[in-house]
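To keep things clear, I will list the structure first and then write my remarks on it.
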Amino acid sequence: MDMVSYAYRDAAAQTVSTKKVAISPSDELTYPFGELAVDLTQSELRETAYEILVGACRSFNSGKTLKYVSSSVKSSTSSSSSKAASKVKKALGLKKNLESVSGKKASTVGVAELMRVQMGISEPTDTRVRRAFLRVAAGQLGRRLESMVLPLELLQQFKISDFPNPQEYEVWQRRNLKLLEAGLVLHPCLPLDEIDTRPKQLQQIIRGALVKPMETTKHSESMLELRNLSTSLACRSFDGSSPEICHWADGTPLNLRLYQILLEACFDVNDKISVIEEVDEVLEIIKKTWVVLGIDQMFHNICFSWVLFHRYVATSQVQKELLFAADNLLSDVAKDSKTVKHPTCSQTLSSLLGLIVGWAEKRLLVYHDSFYRDNIDSMQSLLSMSLSATEILVEHSSGNYHKRSKEVDVAFSRVDSYIRASMIRTFSQGKERLISSRKSSKQQHNPLPILSILAQNVSDLAFNEKEIYSAVLKRWHPLATGVAVATLHACYGNELKKFVSGISELTPDAVQVLIAADKLEKDLVQMAVVDAVDSEDGGKSLMTEMTPYEAEAVIANLVKSWISTRVDRLKEWVTRNLQQEIWNPRANKERVAPSGVEVLRSIDETFEAFFLLPIPMHPDLLPELMNGLDRCLQNYILKAISGCGSRSAFVPTMPALTRCSTGSKFRVFRKKERSPMVSYRKSQSGTTNGDDSFSIPQLCVRINTLHSIRKELDVLEKRTISQLRDNTRVHDDNIVDGLGKCFELSVASCLEGIQQLSEAISYKIIFHELRHIFWDYLYVADVSSSRIEPFLQELENNLEIISATVHDRVRTRVITNVMKASFDGFLLILLAGGPCRAFSLADAAIIDEDLKFLMDLFWSDGDGLPTDLVDKYSATLKGILPLFHTDTAILIEQLEHATEDNFGTSVKSRLPLPPTSGNWSPTELSTIMRVLCYRNDKIASKFLKKKYNLPKKL
């Protein structure tokens, strides 16, 4: 049974019959007006009340003989049928009975007989009582009941012969003596003086008579003493004058107890929850006892309210009309209470109200246990009665109710506390039931988390509250629904807080609970907002009370933690696997590094796991995951290209400028310079640093890996966008646009890495792998004997390795970089090859031819690089070669003109050495200068000596 199984209680309530309901003593209700300090049974009190009633009716009939109709002839009593509804019932909100006790409009005599039946007085007892009053009337003609002490008169009138047996007479005598003690000593109307000895004397006589029956004849000594003491105590007054009324039955609580018995005669003896149709006439003759019992209208309303309320409680609370009637009477009490000055009445009222409020609040503080759809009207009546009683109590305690009511709305405050208390209890009960149910079903597979179920139950409870209870509660609390949902929000929030504090990682249960909590909060907040839309503050106070669960933020933080864990794990994997990676070209047919394949697979699995998370905010958190994985992949790329070298690492430093030596000495130098090349060539069996992972094939594998990553990132981006759309079920381009560029860092690093590796391969081949036949060999000493053919052969072998290893989509870029590096190297040899190289005008044709051979290698009869690409990168070199064909004098003239353009026309014996810009061109000062420096010509040597003072050797 879940928290909101009201249907079961509704069905059970419908089986309760409202007919023939027995009165059961209620342990929950104590008598509100105080207990009697004398031992009198309910039957004895009832007989006493009846005696007072009969006496009062006799007095109001001016002493005439009271006629009555016995029950045996009651049915023959003729009168007009009752057509008009009872005024009392109408005022109290009670429905008309289909059948009444008499079925006819009663006469005075008929009502008296009705009272006898209703009070359960036997006919012999009734006959004896009426006979006694006839005797009293005969002896004291015209004397009214309130001017005599009735027990004294009855004691004197009755003898043993009036009773069936002596024992019954003794019981009757003891009862009247106890009444005297109760009314005159124990519960007097006027307070007794402590120094007055009469009460103790009276008690001694009574106590003695209780042990041994006393003589009650008119002139007996004991009876005279009893009469004198009783009469003197009964005829006291506040001012010491002789009153016309004897006070023997008007002290509280005796009078209220007797009056209550009379009022209970208003209920049908055959149907304990129905008020008789003749209630107007019954109450009319009951009111004749007011003067004897000291009752007024307010006392009547107080006592009748108690009788109705007690009957409602004692009959299992099945007749809600009784509660409604009691509530209506209390509204009259509330009006009268504003003018009440009598302390006894005020105290009596406070006792009754306190009892009603206490009993009502036990149910209202847990109204979900006490009321349901079918008896919700009872809840409204109980609420009304309890709040009316509370307001009267507040008025009496504060002394100025109107002023206090402006400061605090009593009804609003109490209803607020009822709502919160009952909601808290119902929530706790529902939670405990769930826990108990879960313990008893341990074998259940994959059960929903308790808090997920609880969230749904709380939502159901909130909607039930609005539908069933709030309609009643809104009469006194305009934000009844809002307070209820705010209380439930806080209750569930406390449980959620404890749950969240125990979460250390993202789990399916955690996500289920948090999503359920988020949905619940939205439902509750919406209900509160709707309920408070017309309130003064627009519901701000309720919203302040409803501290947000922030379930989405908790989920987001857990997902971020999950992302951080996955990213950190991938970072560790990258570092560990790159240390073991050997970049083997034969590792797979794609000639990519296994680590590159694995890192992409890990990223793809991470995305799949992310989209499998049962969370509602994938679009919001996806960028964080992508950024983290992007940084990881970028880290892999940077580590993959780290240590592979660059252009500057392989290109040799340009030597200082010198002028050429001519003659036989140069040839000797040339022979000496050729020997180191052989030894260097022999040292080329390994790489520069001895690490084979940076060989040309391994570098090619790195390029393939970066290219593969770049290509797969495009595929991964499309797949991620597709998964995002499928997950959100919304084909909104704004969501995709909000992601920005996927893997922006990695894509950029791939492109830069491929370029860097291409340059590294190119310049490593030209200046490192083939150094022995290029930089250390080409045109060293004798140009004609150290031409480019050996270099071209080895270069072609390396190009074949590149073509076989590098992916065809990046192969052209790599070979283009090799071509560019070879052209740069060729140009560097011509312009900065060092003092071991010198060129004559005759060597220019050889250089032209060698350059053509080099260009043809890359063009490869149309199977290599495009002609326009070869021409583009060889343009600088081809533009400079005409200088090697130019006469020395002309070169000197060009240099001087260029110097004047750069440094002015002032003639100096020495010219400044032009800076090396590296931007070689046939008109650039440094380029012309270097062609002259490597010109094997005396004129050039003398010019350089004279103008620049350049040495012949370093």
Side-chain angles (χ1 to χ4, degrees), residues 1-9 365-369 372 418-470 480-529 531 542-543 545-558 613-617:
M1 176 178 176
D2 63 23
M3 186 187 303
V4 289
S5 296
Y6 296 99
Y8 172 80
R9 295 195 298 178
L365 288 169
V366 289
Y367 61 79
H368 292 91
D369 295 342
Y372 37 92
Y418 299 155
I419 296 172
R420 295 181 189 276
S422 191
M423 278 296 171
I424 291 171
R425 176 181 170 84
T426 307
F427 176 86
S428 299
Q429 288 175 336
K431 184 187 72 173
E432 293 304 321
R433 280 197 295 270
L434 277 178
I435 294 173
S436 176
S437 174
R438 180 57 54 86
K439 288 180 179 178
S440 63
S441 58
K442 292 182 179 178
Q443 303 301 322
Q444 185 178 353
H445 297 292
N446 300 320
L448 283 172
I450 285 180
L451 285 186
S452 294
I453 303 174
L454 186 59
Q456 181 59 50
N457 289 351
V458 169
S459 181
D460 294 342
L461 176 61
F463 282 106
N464 257 332
E465 177 72 17
K466 179 179 180 179
E467 179 184 355
I468 299 175
Y469 301 101
S470 294
T481 302
V483 169
V485 299
T487 304
L488 288 175
H489 184 275
C491 289
Y492 189 85
N494 291 334
E495 299 300 320
L496 183 65
K497 186 176 181 181
K498 289 186 285 187
F499 177 80
V500 170
S501 65
I503 298 175
S504 58
E505 60 181 3
L506 190 68
T507 63
D509 279 4
V511 173
Q512 276 186 316
V513 169
L514 290 168
I515 291 177
D518 185 60
K519 180 181 181 303
L520 171 65
E521 183 171 50
K522 287 181 172 125
D523 289 342
L524 296 182
V525 169
Q526 176 64 21
M527 291 176 70
V529 169
D531 194 49
L542 281 178
M543 294 302 102
E545 187 177 336
M546 298 173 76
T547 305
Y549 293 161
E550 296 183 342
E552 288 191 353
V554 174
I555 294 176
N557 289 335
L558 289 173
L613 295 176
I615 59 174
M617 63 281 292

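As the structure is a prediction and not an experimental result, all values here were calculated from the model.
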Would you please test I515 and D518 for side chain to side chain contact (heavy atoms under 4.5 Å, CB included) and show each step?
-> CA-CA 5 Å; I515 291 177; D518 185 60; 5.6 Å; no
Q. Between H489 and L520, does a side chain to side chain contact (heavy atoms under 4.5 Å, CB included) hold up when you go through it step by step?
A. CA-CA 8 Å; H489 184 275; L520 171 65; over 6 Å; no
Residue pair E552, K522: steps toward the salt bridge (charged side-chain N to carboxylate O under 4.0 Å, His left out) verdict
CA-CA 12 Å; E552 288 191 353; K522 287 181 172 125; 3.5 Å; yes
- request: Would you please test E467 and N464 for side chain to side chain contact (heavy atoms under 4.5 Å, CB included) and show each step?
  value: CA-CA 5 Å; E467 179 184 355; N464 257 332; 4.1 Å; yes
Next on the checklist: E465 vs H368, test: side chain to side chain donor-acceptor pair (under 3.5 Å). Steps then yes/no.
Outcome noted: CA-CA 9 Å; E465 177 72 17; H368 292 91; 2.6 Å; yes
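Note that the CE atom of M543 and the CD atom of E545 stand 9.0 Å from one another [nearest 0.5 Å]. How far CG of N494 is from CZ of F499: 15.0 Å, rounded to the nearest 0.5 Å. Between the NZ atom of K431 and the OG atom of S436 there is a distance of 13.0 Å, given to the nearest 0.5 Å. Here the CD atom belonging to E550 is positioned 12.0 Å from the CD1 atom belonging to I555, to the nearest 0.5 angstrom. Here OG1 of T547 is found 9.0 Å from NZ of K497. Values are rounded to the nearest 0.5 Å. Distance check: Q512 CD to I615 CD1 gives 14.0 Å after rounding to the nearest 0.5 Å.
For the pair T487 (side chain) and V483 (backbone), a donor-acceptor distance under 3.5 Å is present. Under a 3.5 Å cut-off, the side chain of Y549 and the backbone N or O of L514 do not form any donor-acceptor pair. Although no hydrogens or angles enter the test, the distance criterion places no donor-acceptor pair under 3.5 Å between the side chain of S422 and the main chain of I419. One N or O on the side chain of S428 and one on the backbone of I424 form a donor-acceptor pair closer than 3.5 Å.
Here the closest heavy-atom approach between residue L542 and residue A486 is recorded as CD2-CB, 4.1 Å. Counting all heavy atoms, side chain and backbone alike, A516 lies closest to S452 at CB-CA, 4.0 Å.
In this structure, the side-chain hydrogen bond (donor to acceptor under 3.5 Å, both in side chains) partners of Q456, at least two apart in sequence or on a different chain, are D460. Remark: Y492 pairs with no residue by the side-chain hydrogen bond (donor to acceptor under 3.5 Å, both in side chains) rule, at least two apart or across chains.
Taking the centre of each ring, Y418 and Y367 stay at or above the 6.0 Å mark.
No salt bridge links K466 with D531; every basic N to acidic carboxylate O contact stays at or beyond 4.0 Å.
Two residues are said to be in side-chain contact when any heavy atoms from C-beta on lie closer than 4.5 Å; L451 and L454 meet this criterion.
E521 pairs in a side chain to side chain contact (heavy atoms under 4.5 Å, CB included) with only one of the listed residues (D523, L524, V525), which is V525.
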Atom pairs and distances, side-chain donor-acceptor, residues 502-511, under 3.5 Å, sequence neighbours left out:
{"unit_1": "T507", "atom_1": "OG1", "unit_2": "A510", "atom_2": "N", "d": "3.1"}

